[in-house]
Number of protein chains: 2
Amino acid sequence: MKAITDMSSRNYGQACSVARFLDQLGSRWTLLIVRDLLVGPRRFKELLANSPSMGPNLLTDRLRELQEQGIVRKVAAPGASATTYILTEQGLELEPVVLAIARWGMRYATVDESNPGASRPDLLVVAFRAAFLPERAKGVEEAYEFRIDDTIFFAQISDTVLHTGLGSATRPAFVLTTDSQTFDKIAAGTLDVIDAQERCLIDLSGDEQAFARFLDLFKGRGG
Amino acid sequence: MKAITDMSSRNYGQACSVARFLDQLGSRWTLLIVRDLLVGPRRFKELLANSPSMGPNLLTDRLRELQEQGIVRKVAAPGASATTYILTEQGLELEPVVLAIARWGMRYATVDESNPGASRPDLLVVAFRAAFLPERAKGVEEAYEFRIDDTIFFAQISDTVLHTGLGSATRPAFVLTTDSQTFDKIAAGTLDVIDAQERCLIDLSGDEQAFARFLDLFKGRGG
DNA sequence: CCGGATCCGTAACGATACTG
DNA sequence: CAGTATCGTTACGGATCCGG
């Protein structure tokens, strides 16, 4: 039995909207859970595997808080034991926050020895949204498919609006297959795309011109 | 004497840009310090007074971290003992993040008994930027001045771009004088502007039509 | 008086083991 | 698989004290 009136103790106690945001979402791991759920529905074990050092008790706490706040909802499919967590509408409205954070992080948060972890390809679904340059996509109407390591995801562009998600694209202009290491190096500017293509590190099947357009639509090192 | 190799211990250890952002700015009080510095230069004591429960030791730690990361710079004016803290260019680039956070907070983070603190008028300088609706400001070229409690600040609009800061406006279209309580109620939708004007809770001197335009340029309760 | 540094109690977190 | 229980560790909160 636990105290029911456990109303979040360590609040900032400021009337400011930024402080209130942080009262709800400022504690450790919380925004990373939201980030993971922006990719798609996730199960308890998946969230835990994404952030092993969090520990199951903390994940339980965070998910409970997020549910109480109306940001996350637990969805139980009847047949299987498929309890998954998804973002509510209010939770989906956190996407601008996460994308703004991702943009700053991509630009300024340096990669050093403290974050050695292998990058997770599924997070590219969110990273693409952050790196997208809408004004360059005027009139573009096409979809691309990516197969990085073992995850398949798509990017679909309809005249300045981008839609990304896990799974295959419908009628993709190209399908790009590679491993996450190679992709990371290209995104970081350490490796040139043409170079990687010549060295058979990436496989591109489809419209080469669409691939050139794609490269122009997202900001990597070269703007 | 302290350990020099104290490199931030509790990092997420993920390659994701969101995680790296939180490694640098995710600890308690950090983003609130950035928020305060977005208003303008601040002294140690001012930052401390804005968040009394932080304690001087934590403020010292946070300011040191922020300086090491190149987000904050300490500026010492030679004559007086005027050591103030300001944001570097990299720190100023955090504004989109803080504004996205503020927008979500304004919309969803409810005000309850846990954040009773009087709202600080100087933060309106940042709140205005978050609530600004650029598309409605096409062709507008004017400045407004506000005097809330004891702080004076301005909002200057030049065709979809807003500039706010502490201090007086140059040739303001109107000067609005009121107290923060009244202003908060109006912003929250609890009090109608016309009503407040009739009850002499706010004093408006200048162009009434400009005031109507102003109300349309920022999103309060009524969109 | 301002800009910190030191010290200590408490609450949050991290890791592992355990259970329906 | 989805959590709960337990416990050691770290970060935070509050107060007091120090040097220019």
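Below, chains carry the letters A, B, ... as their sequence lines are ordered, and counting in each starts from 1. Both backbone and side-chain heavy atoms feed into the values below; hydrogens, waters and symmetry mates do not.
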Task: Separation between CE of A:Met106 and NZ of A:Lys219, rounded to the nearest 0.5 Å - done: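 Between A:Met106 CE and A:Lys219 NZ, I get 6.0 Å after rounding to 0.5 Å.
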Task: Euclidean distance, B:Gln24 CD relative to B:Asn11 CG, rounded to 0.5 Å - done: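 Output value for this atom pair is 9.0 Å.
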Counting side-chain heavy atoms from C-beta on, which of [options] comes nearest to [X]?
X	options	answer
B:Arg62	C:dG4, D:dC12, D:dG3	D:dC12
A:Pro56	D:dG13, C:dA5, C:dA17	C:dA17
B:Thr60	C:dG4, C:dA15, D:dA2	C:dG4

Task: Relative orientation of the end axes in the helix from C:dC1-D:dG20 to C:dG20-D:dC1, expressed as an angle to the nearest 10° (five pairs per end) - done: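 That helix gives 30° between its end axes.
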Open item on the list: Is any side-chain heavy atom of B:Val18 closer than 4.5 Å to one of A:Trp104?
Closed with: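 The answer is no; the side chains never approach within 4.5 Å.
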Open item on the list: For a 4.5 angstrom cut-off between non-hydrogen side-chain atoms, does B:Leu25 reach B:Leu94?
Closed with: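 Side chain of B:Leu25 against side chain of B:Leu94, heavy atoms only: contact under 4.5 Å found.
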Side-chain N,O ([X]) to OP1/OP2 ([N]) below 4.0 Å:
X	N	value
A:Tyr12	D:dC12	no
A:Arg28	C:dG14	yes
A:Arg43	D:dA2	yes
A:Trp29	C:dA12	no

Task: Given DNA chain C, 5'-ward residue of the pair B:Leu48 and B:Asn57, judged by closest heavy atom - done: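 Per heavy-atom nearest nucleotide, the more 5' residue is B:Leu48.
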Task: Of A:Pro52 and B:Lys74, the one whose closest DNA chain C nucleotide lies more 5' - done: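 It is B:Lys74, whose closest nucleotide lies nearer the 5' terminus.
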Task: Euclidean distance, atom CG of residue B:Asp23 to atom P of D:dA11 [Å, nearest integer] - done: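 Atom CG in B:Asp23 sits about 13 Å away from atom P in D:dA11.
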TODO: Using whole Å, report how far CD1 of A:Ile33 lies from P of D:dA2.
DONE: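 Computing the A:Ile33:CD1 to D:dA2:P distance gives 14 Å.
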- [ ] Give a yes or no on whether a salt bridge exists between B:Arg43 and B:Glu46, defined as a side-chain N under 4.0 angstrom from a carboxylate O.
- [x]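 B:Glu46 and B:Arg43: not salt-bridged.
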Open item on the list: Can you tell me how the ring of B:Trp29 sits relative to the ring of A:Tyr12, calling it parallel under 30°, perpendicular over 60° and tilted otherwise?
Closed with: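 Judged by the thresholds at 30° and 60°, the geometry between B:Trp29 and A:Tyr12 is perpendicular.
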Open item on the list: For A:Tyr144 and A:Phe146, take the angle between the two ring planes, folded into 0 to 90°, and tell me which bin it lands in: parallel under 30, tilted 30 to 60, perpendicular over 60.
Closed with: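 Ring orientation, 0 to 90° scale: perpendicular.
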Open item on the list: Heavy-atom nearest nucleotide on DNA chain D for B:Ser27 versus A:Lys45: which residue maps closer to 5'?
Closed with: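 Its nearest nucleotide lies further toward 5', so the answer is A:Lys45.
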